[in-house]
Amino acid sequence: MSRVPEISASILNADFGRLAEEVARAEDGGVDSVHLDVMDGHFVDNLTFGPVVVESVRRHTALPFHSHLMISNPLALASRFADAGSDLIVFHVEADDDVDAVIAAIERSGKRPGIALNPPTPAEAVLPYLDRVDLVLVMTVNPGWGGQPFIAEMLPKLRALDAERDRRGSSVRIGVDGGVNLETIGAAHDAGGDVLVTGSALYSTPGDLAPTVAALRAAAHAATT
Ligand code: DX5
Ligand code: ZN
């Protein structure tokens with residue numbers, strides 16, 4: 001089945017002092033969505049931002065917002081990220097709250113749920129929820145920081161989820177997050193990744209991002225044609 005790669009800009013490595021401009025730079029560069037890495041300093045060893053930042057950036061672009069919640073208590077906070085303007089709210093299967101309850105809370109907020117899994121977590125952990133979410137986000141780095149190397153050992157997990165998706169005839173999208181760049185995006189897309197999150201590979205480029213986005217998209221396409 002041919003799949004269209006979606007390039008999603010992770011703003012974690014952008015200049016936070018000029019966040020609206022940095023999002024505009026990605027939008028002008030032709031990305032398909034914005035990936036917002038929310039970290040609580042507990043689920044992961046880093047602390048980034050909350051709904052107030054999502055709401056502020058929301059006023060500057062119409063691009064779809066994917067809020068990636070690396071937090072221990074998504075049940076309590078999901079609706080606030082919905083109100084702030086997220087379109088897709090992705091939480092971790094390893095978080096403390098009941099997964100079905102978090103999915104239901106996101107659905108009640110009128111937004112779309114997604115579920116993420118860390119490198120040590122097997123694909124089986126998310127299979128019970130595959131038909132209830134829009135996106136399964138496979139972490140290809142241990143979450144917490146941008147600029148880390150891609151963990152190629154995650155490719156079999158992507159293939160397993162892709163095969164299960166085909167077996168079920170499911171329309172769930174598969175996301176790949178961490179270390180996605182010109183060298184790794186082809187393998188990530190070929191293994192089943194549709195939503196390809198890229199941070200440092202994008203924001204390490206000064207100025208116009210269009211050539212970088214075009215090169216990333218071409219490298220993904222080249223791997224499956
Ligand atoms: C890491 C985040 C990723 C990260 C991606 O915990 O979830 O979204 O920002 O950045 P790169 O592409 O630099 O690995
Ligand atoms: Zn992320």
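For ligands, and for the atoms within them, numbers begin at 1 and follow the listed sequence. One is the number of the first residue; the rest follow in order along the sequence.
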Discussion item. Checking R108 now: which residues fulfil salt bridge (Lys or Arg N to Asp or Glu O under 4.0 Å) with it, not counting sequence neighbours?
Written reply: none

Worksheet item: So which N/O/S atom does H68 have closest to the Zn ion (ligand 2)?
Response: ND1

Discussion item. Under the rule for side-chain contact (heavy atoms from CB on, under 4.5 Å), what residues qualify as partners of S200, not counting sequence neighbours?
Written reply: N13

Item to complete: Test side chain to side chain contact (heavy atoms under 4.5 Å, CB included) on F150 and N181 and set out the steps.
Response: CA-CA 9 Å; F150 184 88; N181 56 35; 5.9 Å; no

Worksheet item: Any salt bridge between D194 and R3, counting N to O under 4.0 Å?
Response: yes

Anything under 3.5 Å between an N or O on ligand 1 and a protein N or O? List each pair with its distance, or write none.
residue: ligand 1; atom: 6 (O); partner: G144; partner atom: N; Å: 2.8
residue: ligand 1; atom: 7 (O); partner: D37; partner atom: OD1; Å: 2.9
residue: ligand 1; atom: 7 (O); partner: H68; partner atom: ND1; Å: 3.2
residue: ligand 1; atom: 7 (O); partner: D177; partner atom: OD2; Å: 2.9
residue: ligand 1; atom: 8 (O); partner: H35; partner atom: NE2; Å: 3.3
residue: ligand 1; atom: 8 (O); partner: D37; partner atom: OD1; Å: 3.1
residue: ligand 1; atom: 8 (O); partner: D37; partner atom: OD2; Å: 2.9
residue: ligand 1; atom: 8 (O); partner: D177; partner atom: OD1; Å: 2.6
residue: ligand 1; atom: 8 (O); partner: D177; partner atom: OD2; Å: 3.1
residue: ligand 1; atom: 9 (O); partner: S10; partner atom: OG; Å: 2.9
residue: ligand 1; atom: 9 (O); partner: D37; partner atom: OD2; Å: 3.0
residue: ligand 1; atom: 12 (O); partner: G199; partner atom: N; Å: 2.8
residue: ligand 1; atom: 13 (O); partner: G147; partner atom: N; Å: 2.8
residue: ligand 1; atom: 13 (O); partner: S200; partner atom: N; Å: 2.9
residue: ligand 1; atom: 13 (O); partner: S200; partner atom: OG; Å: 2.5
residue: ligand 1; atom: 14 (O); partner: G179; partner atom: N; Å: 2.8

Worksheet item: Do D87 and R58 sit within salt-bridge range, that is, some charged N less than 4.0 Å from a carboxylate O?
Response: yes

Worksheet item: For the Zn ion (ligand 2), what is the closest N, O or S atom on D37?
Response: OD1

Item to complete: May I have all residue pairs that pass salt bridge (Lys or Arg N to Asp or Glu O under 4.0 Å) and include part of residues 121-145, sequence neighbours excluded?
Response: D100-R132, E107-R132, R112-D134, D131-R168

Worksheet item: Hey, which N, O or S atom on D177 ends up closest to the Zn ion (ligand 2)?
Response: OD2

Worksheet item: Is any NZ, NE, NH1 or NH2 atom of the basic residue among R159 and D162 found under 4.0 Å from an Asp or Glu carboxylate oxygen of the other?
Response: no

